[in-house]
There are 4 protein chains.
Amino acid sequence: MPVQQARARSRQQKILRAAASVISRRGYQEAGIEEIAREAETSKGGVYFHFPGKESILLALLDHTSGLVRGKVEQAIAAESDPVAKADAALRVLLRTLAKHRSLARVFAVEAAGAGPQFNARVAEIQDEFVALVREQLDAAVATGAIVPMDTAIVAQAWMGALDAVLLRYVTSRPGPGRRSLDEIHETLRATLLRSIGAPVPGAAVSVAGGSPRPTNSIETNGLERR
Amino acid sequence: MPVQQARARSRQQKILRAAASVISRRGYQEAGIEEIAREAETSKGGVYFHFPGKESILLALLDHTSGLVRGKVEQAIAAESDPVAKADAALRVLLRTLAKHRSLARVFAVEAAGAGPQFNARVAEIQDEFVALVREQLDAAVATGAIVPMDTAIVAQAWMGALDAVLLRYVTSRPGPGRRSLDEIHETLRATLLRSIGAPVPGAAVSVAGGSPRPTNSIETNGLERR
Amino acid sequence: MPVQQARARSRQQKILRAAASVISRRGYQEAGIEEIAREAETSKGGVYFHFPGKESILLALLDHTSGLVRGKVEQAIAAESDPVAKADAALRVLLRTLAKHRSLARVFAVEAAGAGPQFNARVAEIQDEFVALVREQLDAAVATGAIVPMDTAIVAQAWMGALDAVLLRYVTSRPGPGRRSLDEIHETLRATLLRSIGAPVPGAAVSVAGGSPRPTNSIETNGLERR
Amino acid sequence: MPVQQARARSRQQKILRAAASVISRRGYQEAGIEEIAREAETSKGGVYFHFPGKESILLALLDHTSGLVRGKVEQAIAAESDPVAKADAALRVLLRTLAKHRSLARVFAVEAAGAGPQFNARVAEIQDEFVALVREQLDAAVATGAIVPMDTAIVAQAWMGALDAVLLRYVTSRPGPGRRSLDEIHETLRATLLRSIGAPVPGAAVSVAGGSPRPTNSIETNGLERR
DNA sequence: GATGAATGAGACTTCATTCAT
DNA sequence: CATGAATGAAGTCTCATTCAT
């Protein structure tokens with residue numbers, strides 16, 4: 001009966017959305033099934049009809065979301081041909097997508113740890129997938145000679161870590177003076193990461209720290225070490 | 001009564017040590033006051049005499065530990081004169097110290113999130129302290145012209161994030177093939193981060209990704225010291 | 001519409017059989033409507049179409065089964081003319097029938113108690129029916145002078161209790177050394193019960209306790225038929 | 001600290017008493033920890049501090065009670081020298097004691113089955129202990145030649161079953177016409193059981209079935225089969 | 001200061017039952 | 001007639017915290 005199945009599917013989505021909302025608001029531990037059910041306009045039993053337990057909700061949420069994000073990232077990578085550009089694209093999409101869904105980002109970056117070892121392991125797996133994605137591009141870039149040889153496993157981890165940290169700060173901080181816009185963050189991060197692998201930063205403009213960022217010379221014009 | 005105070009202090013230390021042990025073994029949520037009390041050779045009531053609640057134990061543990069680490073980092077910074085070397089030293093000390101105390105690192109990086117918003121805020125504060133420490137050095141380097149101007153707030157965050165990610169991976173992964181040694185990690189990370197600010201990498205040797213890392217040529221674009 | 005009624009009846013039977021199977025396997029409390037429905041090749045809704053609730057299934061099962069057994073017992077009684085022989089026959093049939101359907105016996109003797117007061121009351125009623133059946137024969141035997149006057153209400157209860165206990169032990173025990181065969185049990189129980197009302201034990205042979213039962217002399221005080 | 005331990009012990013007793021009361025009133029399944037706690041004048045957590053779970057309360061109750069009863073029975077047995085008299089004494093004490101504590105009898109005879117297989121197994125064990133006690137006396141009686149050889153394992157089971165059934169009926173029935181007094185029950189049961197093993201019934205007086213039981217001839221004067 | 005029995009709010013989960021399709 | 005998604009009351013159990021001793 002496709003009618004019931006359709007309803008079931010839609011209800012699952014509703015529960016997942018509600019779970020994301022409640023968890024991002026309250027944290028995983030404080031998020032009660034009751035509240036998730038209320039926000040999904042169903043009952044505790046209804047939630048347990050669709051999911052075997054609380055952890056599995058978060059797991060499903062994780063898979064669902066990471067699948068979506070991963071799809072976007074792979075799409076963005078495929079649209080570029082140059083390895084360095086691919087890596088750049090991957091980061092750009094991650095940054096945009098996660099920033100757009102603050103609550104989800106909070107859930108996975110911050111609140112996830114309370115969910116027990118199984119869940120942490122899963123988060124690590126997924127992060128590794130993204131790290132692997134980045135690393136593939138770095139390896140390709142090394143292979144083509146675009147960048148110098150390096151331990152791309154570590155570097156890819158570092159990239160993801162840098163991205164996470166900057167993003168988390170953006171996502172958790174309140175708007176105010178000193179807070180960078182997403183574009184500023186992207187620009188600075190992009191330049192920093194590309195420099196970190198010795199790649200040129202096309203059309204780069206860096207911002208100095210402090211109240212209002214102002215444009216500075218591009219990397220190319222910064223011939224100090226280049227001479 | 002200094003005698004009693006000393007005894008109280010020592011008892012507090014014992015509880016903190018026990019808490020660190022239990023939390024790193026079980027995670028914050030699973031760590032029961034009872035078990036911490038048992039490991040500290042006292043009773044539940046004893047724990048509550050010294051700390052007003054469970055969260056405050058973790059908070060105290062956090063302050064105690066971050067204070068120690070901070071001291072080491074500041075000492076290392078003071079021992080260097082060059083801003084870039086200072087930043088480099090800060091990272092080196094963080095890497096060494098946290099790697100040495102895996103369980104504590106796990107506690108703050110992974111298990112902490114289950115402890116509620118107050119605790120997360122505190123962790124963020126402490127990270128910001130370290131970020132600020134790094135940023136000061138970067139700002140100084142910019143001021144001396146050693147590196148190009150940049151948004152050091154973001155870059156410092158990225159550095160810490162990169163360090164955290166790489167370190168966390170090192171701390172949580174099991175030994176095996178493909179696992180890098182702490183020295184290899186340090187070398188790669190150092191080169192990557194220094195490159196990311198356009199600083200020269202003294203005595204750089206990079207490792208290629210793959211089974212067993214092997215040293216390669218130094219970065220061509222960084223031939224200044226090499227010539 | 002006799003066709004539909006027949007189908008309904010057959011579906012009810014299927015559900016009853018499934019219920020008997022599941023309950024004897026899992027116990028009443030652990031037997032879920034879902035599992036019964038599955039085993040009856042229908043759905044939860046289907047079960048609730050035929051029965052108003054879980055308890056009513058067990059009640060119907062009880063009535064159905066006790067009706068069958070009662071029929072057999074009455075038939076066996078009718079086939080004898082001597083009151084004592086009638087009582088003897090009733091016990092024989094009960095013993096054989098319940099032993100043949102271990103699972104049902106378990107359901108009513110052991111698992112039933114979890115089903116609530118209404119069900120317990122019903123079990124008591126049914127037991128009373130059998131007790132009454134036995135008692136009638138005992139009263140007749142007293143009336144004909146075959147046995148001495150006695151409080152047959154109590155004695156009949158005692159008989160049923162003795163039968164239940166011995167049978168339950170047989171039904172719940174695993175095969176092994178020391179376990180009596182159904183024939184041995186019947187023989188001993190028959191002799192014991194007949195003696196208990198002062199009736200002669202035709203062709204009596206008693207078994208001694210211990211490893212392997214062996215026939216012994218008939219009861220001395222009952223030498224009437226033996227001489 | 002004996003003070004706290006004493007309090008704990010007394011609280012355990014209070015919980016056991018409350019559990020017996022609630023279970024006998026509501027049945028095992030319907031007996032909620034909350035209600036038991038309320039009746040024991042403590043809290044849910046208090047109950048769980050003293051007992052690891054609901055089933056263990058019933059188990060403790062069972063052990064406690066069966067220990068008491070067993071002690072009384074053994075004492076009564078020791079006070080007699082003749083094997084048949086010992087068996088008789090055992091039954092008398094069981095009858096009196098269980099009748100005196102109706103609620104406990106109900107708990108073990110009727111409500112117990114809902115408590116799961118582990119509990120049922122334990123009840124069976126305890127019943128077997130009493131059966132073994134009876135059987136020992138029967139074996140001794142056989143050995144002394146007081147009664148004829150027989151399969152005492154079965155007979156002892158039958159005795160316990162008879163006792164249980166009669167007692168359960170007494171305990172669960174409401175007072176009214178036709179209800180036998182405990183003394184009448186004892187007298188009839190005693191005569192019946194002694195006859196069942198071919199033992200003489202000293203000073204026996206049997207009651208006929210029907211409205212008001214009336215005394216009849218003693219077994220000895222009933223020379224029909226005796227001649 | 002220390003102890004541990006006791007508290008009680010609240011968590012997750014189950015399942016007989018209902019009802020729209 | 002049948003289905004199975006949905007309900008919601010009730011259950012067992014945990015654990016941070018309190019407090020009399």
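Throughout, a chain's letter reflects where its sequence line sits, starting with A, and its residues are numbered from 1. Since we're looking at a predicted model, the values are computed, not measured.
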Q.
Is the phosphate of F:dC1 approached by C:H50 (side-chain N or O, under 4.0 Å from OP1 or OP2)?
A. no
Q) Would you say F:dA5 has OP1 or OP2 under 4.0 Å from some side-chain N or O of A:R11? A) no
When the distance from [atom1] of [X] to [atom2] of [N] is rounded to whole Å, what number comes out?
X     : N      : atom1 : atom2 : result
C:Q12 : F:dC1  : CD    : P     : 10 Å
B:R38 : F:dA16 : CZ    : P     : 12 Å
B:R26 : F:dT14 : CZ    : P     : 13 Å
B:I57 : F:dC15 : CD1   : P     : 15 Å
C:F51 : E:dA16 : CZ    : P     : 15 Å

If one requires at least 3 consecutive Watson-Crick or G-U pairs with distances under 3.5 Å, the stems of DNA chain F turn out to be E:2-21 with F:2-21
Is the number of heavy atoms from other residues, nucleotides or ligands under 6.0 Å of B:Q13 CD greater than 12? yes
Per-nt protein contacts along nucleotides 10-15 of chain E (heavy atom under 4.0 Å; B base, S backbone sugar-phosphate only, - none) come out as B-SBB-
By nearest-nucleotide position on DNA chain F, the 5'-leaning member of C:V47 and A:S43 is C:V47
Q: Using a heavy-atom cut-off of under 4.0 Å over every strand shown, decide if A:F49 touches base, sugar-phosphate, or nothing.
A: base
Side chain to side chain contact (heavy atoms under 4.5 Å, CB included), that's the test. Do A:F49 and A:I15 meet it? Break it down for me. CA-CA 11 Å; A:F49 179 80; A:I15 292 170; over 6 Å; no
Kindly say whether C:S21 contributes a backbone atom to a donor-acceptor pair with the side chain of C:S24 at under 3.5 angstrom? yes
| field | Under 3.5 Å: donor-acceptor pair, side chain of B:S56, backbone of B:L59 | value | no
Assess the residue pair A:I57 and A:I33 against the criterion (side chain to side chain contact (heavy atoms under 4.5 Å, CB included)); give the C-alpha distance rounded to whole Å, side-chain angles, the decisive distance to 0.1 Å, and a yes or no. CA-CA 10 Å; A:I57 299 176; A:I33 293 290; 4.0 Å; yes
Rounding to 0.5 Å, atoms NZ (D:K14) and CZ (D:R17) come to a distance of 8.0 Å
CZ (A:R11) and CD (A:E41) are apart, to the nearest 0.5 Å, by 7.5 Å
Contacts of A:E35 meeting side-chain hydrogen bond (donor to acceptor under 3.5 Å, both in side chains) (sequence neighbours excluded), chain-then-number -> A:R25, A:R26
Practice task
List the steps, then state whether side chain to side chain contact (heavy atoms under 4.5 Å, CB included) holds for A:V22 with A:R38.
Solution key: CA-CA 10 Å; A:V22 173; A:R38 198 159 42 238; over 6 Å; no
